[in-house]
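Below is one structure, written out as C-alpha cells, with a few remarks after it.
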Amino acid sequence: MVADLSETAPYNFVEIESKWRDFWLKNDSFHADFNSSGKKYYVLEMFMYPSGKVHIGHVRNYTIGDIIARFKRSCGFSVLHPVGWDAFGLPAENAALKSGGHPRDWTYKNIEIMKNQLLSLGFSYDWKREFATCDEKYYGFQQKIFLAFYKKGFVVRKESEVNWDPVDNCVLANEQVIGGCGWRSGALVEKRVLSQWFLKITSFVDELLAEIDNLTGWPEKVRTMQRNWIGKSCGCSIRFKTNIGDEIVVFSTRPDTIFGATFLAISPGHPLAIKLAQTNEKIRTFIDDFKKGSVAQEIFDKQEKLGADTGVVVEHPFSGEKLPVYVANFVLMNYGTGAIFATPAHDERDHEFALKYNLPIKKVVASSDENDELPYVGDGVLINSEFLNGLNVAEAKEAAIQKLCDIGVGKREVFFKLLDWGVSRQRYWGCPIPMIHCEKCGIVPVEEKDLPVSLPYDVSFSEAGNPLDRHATWKHVKCPCCGGDARRETDTLDTFFDSSWYFLRFCVNDPNSDNLLEKDDIKYWMRVDQYIGGVEHAVLHLLYSRFFSKALSECGFVDVREPFENLFTQGMVCNATYRRENGDWLFPEEVRKNSSGEYEVIKTGEKVIVGHLEKMSKSKKNVVDPDVIIKNYGADALRLFVVSDTPPDKDFPWSDEGLEGCWRFINRMWRLFIYAKSCGICAEKCGTFSGVDGADPDIQKLYKNFHRTVKNVTDSLEERSLNKVVAYIRDGVNSVYLLLEKMETNAEVFSVIIRDIIKMLAPITPHICEEAWSMFGFEKLVCANPWPSYNEAYLEDFTVDLPIQVNGKLRGTVTVDKDAGEDVVFEMAMQLPSVQSAIAGKPLKRKIFVKGKILNLVV
RNA sequence: GCGGUCGUGGCGGAAUCGGUAGACGCGUAGCGUUGAGGUCGCUAUGGAAGAAAUUCUGUGGAAGUUCAAGUCUUCUCGACCGCACCA
C-alpha cells in the first residue's frame, strides 16, 4: 500500500526555527576554531550598511555565503564566517537632519534591528567577532593605520582639482563618480580645487595591475574592470620648443605617427594656456566659455571639438617644421601632460578638429586595404616618415622613441588613469582624521598616546556644513609640537577607508585584543577563501582593499598582499514593475489581470503598463519584505528560494509562486521525515547497514543512483552552482518518494539515504534539517558531522540505454551491459524495426561505436 | 565607438570530453484522495500531424568542420553589462 502522507500535521516552522536559532546562539555553535590543526576556510560576505532594514538582496548574498560556510564546516574545515557593520556614512546624517535624532543613535538602533533580522534567517556567524566601524575601538585602530601610512609616505596632503558632490556636500574619490554623477546622491559632480588628504594608491600601481593576472579565482569581468580602471598606457613624452621660450611637453602612445603631426593641442587648464590668457583676449574668452560649459558627462562626451589658436608655434623635433599650438576643449588636464601632438590622419578627435579649423592632414600609416578611410588607426606600414618609412606600427614606435631619446627631447614614459585616492570628507559621521594644523609647525600628526580622536556626541545639525567645524571646543587643541594653539582636522575619512581592512580585524581571535592586527591570527585565516558581494564594488572597495593589504604589509602589520583568493559576485534580485500610463509606479497588489488577459488597476480599472523586471527598490514599488516572508513561510523556505532555479551570479527574478513551491518542498520534506520516523528510520540503523547486495532490485537501483546524487550535489556546491544543488537534491528526494512503500522493510538503506539527504540539505535549510537530525537520534549538530561520501563504483550503471543512430539521427535505444562490445550492440540494433526502416536496405558504409555511449550507423 | 558576457519550451533554467536536448522547479492539464475547494499523491506537458503506434521538426539567423554540433570555426542579428574625448 502506498503511504498516505496527506494527513501529516503541517510543519511548524515558527516553533522549530526559533528553537534552533536560540540553540545556535546560546551555544555559540559557529565560533571559528583557531586551534584546529586541520584546514581553514574563511568565507565572508561584504558587510552591510545599517540602513535600517535587511532587503532581499542581502538575504540572497548572505544565504550564498552561509551555504558555503556550513558546507565547508561539514567538509572538515575550520571555518571563519564573521559579520559586522559598515556603519559610518551619510545616510545617518541625512536621517538625523530629517528626524532630529543623532546619527550615532540612529546607526546603533538600526544595527540592533538588522541583527535580529539576520538572526531570524539562521546565518551561522561567529557573533563574538561582530563589530561596527563606528565603534570607537575600531576607528581608533583606523587612526593608528592612518598615522602609520602617513609615516611611510602613503598619506599626503595636496591641493588639487577634486570632485565635489553638491547634494552630499562633500568631496568624492574618482572611483565614486559614476558617469559624472555622485555614486550615492546621483548629483552632477562639480570640479573644485581644494586642499585634501590623499592615499597614494598610485605607489602600488604596478603591483595592483600585475597581480590581477594571478587572481584566477575572480570573475573575469571584475579583473577586466580593474585593469581598465588602472589604465596603463606606455609611450613617450616629447618636449617641444616654442617660439616664446616656453616648452610644451606632450605624451603620446603613438610616437610612430610623429611625422603626421600637424599641430599641437593643449588643455584649457594647461599652465601655458592660463599664462597666455592673461594677455590674449581670445584665449581668455575661450577658457572662460569652457569653464562655463556643462559638466554633465553625456553632454561632455558628445560635445563638439572646439579650440582657439594661440599664435604660438613649436618646432617639429625631426623636420623642424613649424606647428601651430591650439587650446582645445578635448584635451584633458588630468591625463598625461595635458598636451598632445595631433595627427589628424590617424586619430578621430584630431581629425574632427582639423576639419573644423582647416588644418593640414598628413597620412603617415598606409593600410593594406585601399578602402580604409581617414582617420585610420590600425596597423600598417609607415610612409612620409623619413627614417621610419617601411616599418610597421610597432617597429616604428620603438624606433621613434629611441631616436627621440637619442636627440634628447624624448623620454620613455608610462601613464596611468588611476589617480591617488582622495579620502577627506567634509562630514561629521566618519572616522576623524588624526591630524592637527598649527600656524607655526604646519601639519602635525596626533600623538599615538592621544588616540583615539573621538567623535564628539554633542553636535548640531541645524545648519548646513560640517558640524565638527562649528563645534565650540572640539577642534581647538594644543599643538603636540610647540604647545601653542592649533586646530584639529575637521574632515573625516571616506567610509571606503573603513571597509578596506575590516576583514583583517575579523581574523583577530580575541575581539577585545588591543593589538590592532594580530599577525599570527591573520596569517592563519587570510586570505579570504571566498568573498561574496555585488559587482558594483569592482573598482571601489575591491581595489581599495587590495591597495590596503599592500600598504599595511609595507607598514609591517600583515604579511598578505592580496586579500581575496576567490571572489563571487551575485546578481541582483529583481521583480516585476507596474506603472500607470502617466508613469506612476504601482504596487503589485494594486494591479490585477482582467478577463481579457490585460492588467488593470483594481480600484479604477485604468490600464496598467507592465514594465521589465527591475532591481527591487522602494521607488519602483516592487520590493518584497523579508520579515513578511519569514513570518508566512519561514526562513528555510526563503533561503531555499533565493538559491533555487537561477544561477547565483545572475539576476534573480522574484516570483510568489516560486516561493510557494519552496514552501511546499519544505513541507514535503517534513512529511517524509515524519513518515520515515514511523517506518523506524533512525541513527542506529545507519550503523547496522551493510550494503544492498541481494536486496530488492528497486532498492539497489535507488541506493546506487543516490551515490550519483551525492556526487552531483557536492560538485555543484564546489562550483557554486547552487541552483543545481537544489535541483539534484529534489531529484534525490523524488526518487525516495517513489519507493515509500518499501521504506519499512528496507529501513537500514533508507536510514542512510535520509541521513545523507539531511546533511546535504542542511546548509540551505538548516532549521528543519537540524530538527530532523535530532529527531532521528543523530549526534551533535548536522554540520559537525562529515559530508556524505559516494562510492565511485556506483556512479556508473551496469546497464545503459545505448542510443542507436542512423546517419546521426536517433532511431532507437538498446539496453545493454555498459561494457557491451560493438558486435553485440550492432546485432541488437539491427533487430529494431525503426533502425531497419531507416536503413531501408542500403549498404552500410561505416559503423561508429563508442563503448557505453553510442552506435551510429552510416549508410 | 571600445571591451566583456550571453541568446535553449509559456517562464526560471539543466545538458561533464562534441555522443538520447529540455534535468529540477514554476505554470498548465488529467486521474486519484476529499462532502466541496485547497492540501496531498501520481501522470502528462518543446512545436506540428495522427485515434494510436509513429513521423516530421526543433537550442536567435546563415554557412562550415564532423559519422555526430546547444557545445567547435567564420559571418550575422539581438540583449545585457562595463568603460568612454585616456593622447
Side-chain angles (χ1 to χ4, degrees), chain A residues 2-8 10 178-179 219-225 227-229 231-233 235 250-255 257 265 267 297 300-303 305 328-332 334-343 347-350 352-353 415-417 535 538-539 641 644-647 649-662 664-665 667-668 671 712 715-716 721 723-734 737-738 740 800-813 833-834 837 845-850 852-859:
Chain A
V2 176
D4 177 12
L5 305 186
S6 61
E7 294 310 312
T8 306
I178 314 289
E220 196 49 51
K221 181 184 173 178
V222 174
R223 300 208 282 163
T224 307
M225 281 166 77
R227 279 195 197 97
N228 291 344
W229 186 260
K232 182 179 186 173
S233 13
V250 308
F251 173 70
S252 174
T253 54
R254 293 291 306 272
T257 60
S267 165
Q297 198 70 35
F300 198 63
D301 289 347
K302 287 170 198 146
Q303 206 170 39
K305 308 271 175 289
N329 64 351
F330 68 92
V331 182
L332 304 173
N334 57 8
Y335 187 79
T337 59
I340 59 160
F341 72 73
T343 47
D347 182 283
E348 257 169 64
R349 292 150 300 163
D350 300 352
E352 189 187 329
F353 193 85
F415 272 94
F416 294 93
K417 214 184 82 170
V535 75
V539 286
F641 180 49
S644 292
D645 299 340
T646 305
D649 56 328
K650 288 221 204 160
D651 286 353
F652 178 87
W654 181 267
S655 90
D656 294 338
E657 293 85 358
L659 174 68
E660 297 243 6
C662 289
R664 282 202 295 270
F665 178 73
N667 282 283
R668 187 170 154 91
R671 284 192 300 276
N712 286 339
D715 290 354
S716 302
S721 300
N723 56 322
K724 282 159 67 182
V725 172
V726 174
Y728 287 128
I729 292 176
R730 292 183 100 125
D731 200 30
V733 172
N734 289 346
Y737 254 82
L738 289 174
L740 281 185
V800 288
D801 290 335
L802 198 87
I804 308 299
Q805 296 182 338
V806 177
N807 286 337
K809 278 196 178 184
L810 182 71
R811 293 297 167 185
T813 60
S834 54
S837 71
K845 283 191 202 138
R846 253 181 107 175
K847 276 188 283 184
I848 314 287
F849 179 73
V850 183
K853 283 275 183 200
I854 202 156
L855 174 67
N856 188 9
L857 304 172
V858 186
V859 292

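Owing to the predicted nature of the structure, the values given are computational and were not obtained by experimental measurement. Order of the sequence lines fixes the chain letters, A, B, ..., with proteins taken first and strands second; residue numbering starts at 1 for each chain.
Looking at the side chain of A:Thr646, the nearest of the listed nucleotides B:A87, B:G13, B:A21 is B:G13. The A:Arg668 side chain lies nearest to B:G41 when the options are B:G13, B:G41, B:A87. The side chain of A:Ala727 lies closest to B:A23, out of B:A21, B:A23, B:C56. For A:Glu657, whose side chain is taken as the heavy atoms from C-beta onward, the closest listed nucleotide among B:C26, B:A87, B:C81 is B:C26. Here the nucleotide nearest the side chain of A:Lys417, chosen from B:C67, B:A84, B:G13, is B:A84. Taking only side-chain atoms of A:Arg664, from C-beta outward, the nucleotide of B:U55, B:G27, B:G19 with the closest atom is B:G27. Among the nucleotides B:C40, B:A14, B:A87, the one closest to any side-chain atom of A:Phe251 is B:A87. Taking the side chain of A:Ile340 as heavy atoms from C-beta on, and the options B:C67, B:C81, B:A87, the nearest nucleotide is B:A87. When distances are taken from the side chain of A:Lys809 to each of B:C42, B:A87, B:U57, the shortest belongs to B:U57. The side chain of A:Tyr737 sits closest to B:C42 out of B:G25, B:A23, B:C42.
Pairing partner, B:U34: none, since no Watson-Crick or wobble contact has both distances short of 3.5 Å. In this structure B:G9 sits in no base pair that meets the Watson-Crick or G-U test at under 3.5 Å. Under the Watson-Crick and G-U wobble criteria, each requiring two contacts below 3.5 Å, nucleotide B:C2 is paired to B:G82. Remark: B:A53 base-pairs with no nucleotide in the shown strands. Criterion, Watson-Crick or G-U wobble with two distances under 3.5 Å. B:A44: Watson-Crick or G-U partner is B:U28, with both key distances under 3.5 Å. Applying the Watson-Crick and G-U wobble criteria (two distances, each under 3.5 Å), B:G64 pairs with B:C72. The base-pairing partner of B:A21, taking Watson-Crick or G-U wobble contacts with both distances under 3.5 Å, does not exist among the strands shown.
Separating the CD atom of A:Glu220 from the C1' atom of B:C6 is a distance of 15 Å, rounded to the nearest angstrom. Per the geometry, CG belonging to A:Leu857 stands 15 Å off P belonging to B:C67, to the nearest Å. Going from atom CG of A:Asp347 over to atom P of B:C2 covers 14 Å, rounded to whole Å. Here the C1' atom of nucleotide B:C40 and the CZ atom of A:Phe665 are 16 Å apart, to the nearest Å. The separation between A:Ile848 atom CD1 and B:A69 atom P is 12 Å, rounded to whole Å. Atom CD in A:Glu348 sits roughly 9 Å away from atom P in B:C2 (whole-Å rounding). Separating the CD atom of A:Gln805 from the P atom of B:C67 is a distance of 13 Å, rounded to the nearest angstrom. If you measure from atom CZ of A:Arg223 to atom P of B:U5, you get 12 Å, rounded to the nearest angstrom.
Within the 4.0 angstrom heavy-atom criterion, no nucleotide atom of any strand lies near A:Ser655. Contact annotation for A:Asn228: no contact, since no heavy-atom pair falls under 4.0 Å across all strands. Residue A:Val850 is classed as a base contact, given a heavy-atom separation below 4.0 Å to a base. At the heavy-atom level, A:Val250 lies nowhere under 4.0 Å from the strands shown. Note on A:Gly231: nothing from the nucleic acid sits closer than 4.0 angstrom, heavy atoms only. Here A:Ser644 lies out of heavy-atom contact (under 4.0 Å) with every strand.
Rounded to the nearest Å, the gap between the P atom of B:U57 and that of B:C72 is 25 Å. Separation of the C1' atoms belonging to B:U65 and B:G13 is 30 Å when rounded to the nearest angstrom. Taking atom P on both B:C2 and B:A15, the two are 33 Å apart, rounded to the nearest angstrom. Separation of the C1' atoms belonging to B:G1 and B:U71 is 32 Å when rounded to the nearest angstrom. The same atom, C1', is picked in B:G58 and in B:A21; the two are 9 Å apart, to the nearest Å. Annotation: B:U20 and B:A29 have their P atoms spaced 33 Å apart (nearest Å). When the C1' atom is used for both B:G61 and B:C77, the distance is 7 Å, rounded to whole Å. Rounded to whole Å, the C1' atom of B:G3 lies 43 Å from the corresponding atom of B:U28.
Taking 90° from 0 as the syn/anti boundary, the base of B:G4 is oriented anti. Annotated as syn: B:C17, whose O4'-C1'-N torsion sits within 90° of 0.
Listed pair A:Asn723 / B:A14 meets the phosphate criterion, a side-chain N or O lying under 4.0 Å from OP1 or OP2. A close approach under 4.0 Å does not occur between any side-chain nitrogen or oxygen of A:Arg227 and OP1 or OP2 of B:G3. At least one side-chain nitrogen or oxygen of A:Ser233 sits closer than 4.0 Å to the OP1 or OP2 atom of B:A87. Not one side-chain nitrogen or oxygen of A:Arg846 sits closer than 4.0 Å to the OP1 or OP2 atom of B:U66. Checking the phosphate oxygens (OP1, OP2) of B:G25, a side-chain nitrogen or oxygen of A:Asn734 falls inside 4.0 Å.
At a cut-off of 3.5 angstrom, counting only N and O atoms as typed in the model, there is no donor on one side facing an acceptor on the other between the side-chain of A:Asp645 and the base of B:G25. No hydrogens or angles were tested; on distance alone, a donor-acceptor pair under 3.5 Å links the side chain of A:Lys305 to the base of B:C85.
Along RNA chain B, the nucleotide closest to A:Ser252 and the one closest to A:Lys221 are compared, and the more 5′ of them pairs with A:Lys221. The residue among A:Asp651 and A:Glu660 whose nearest nucleotide of RNA chain B lies closer to the 5′ end is A:Asp651.
In terms of heavy-atom proximity, A:Gly231 sits nearest to A:Tyr335 at O-OH, 4.4 Å. Of all non-hydrogen atoms in A:Asn807 and A:Asn856, the two that sit nearest each other are N-OD1, 3.5 Å. For A:Arg730 against A:Gly661, the heavy-atom pair with the smallest separation is NH2-O, 3.6 Å.
When atom types are taken as modelled, the side chain of A:Ser267 and the backbone of A:Val331 share a donor-acceptor pair closer than 3.5 angstrom. A:Tyr737 places a side-chain N or O within donor-acceptor distance of the main-chain N or O of A:Arg668, the cut-off being under 3.5 Å.
With contacts defined as side-chain heavy-atom distances shorter than 4.5 Å, the pair A:Asp350/A:Ile340 qualifies. Looking at heavy atoms from C-beta onward, A:Asn723 lies out of side-chain contact with A:Thr646 at the 4.5 angstrom threshold. Side-chain contact between A:Phe665 and A:Val726 is absent, with no heavy atoms from C-beta onward closer than 4.5 Å.
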Do A:Thr343 and A:Arg254 pass the side chain to side chain contact (heavy atoms under 4.5 Å, CB included) test, and can you show the C-alpha distance, the side-chain angles, and the key distance before you say yes or no?
-> CA-CA 9 Å; A:Thr343 47; A:Arg254 293 291 306 272; over 6 Å; no
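Taking 4.0 Å as the cut-off between side-chain N and carboxylate O, A:Arg664 and A:Glu657 do not count as a salt-bridged pair.
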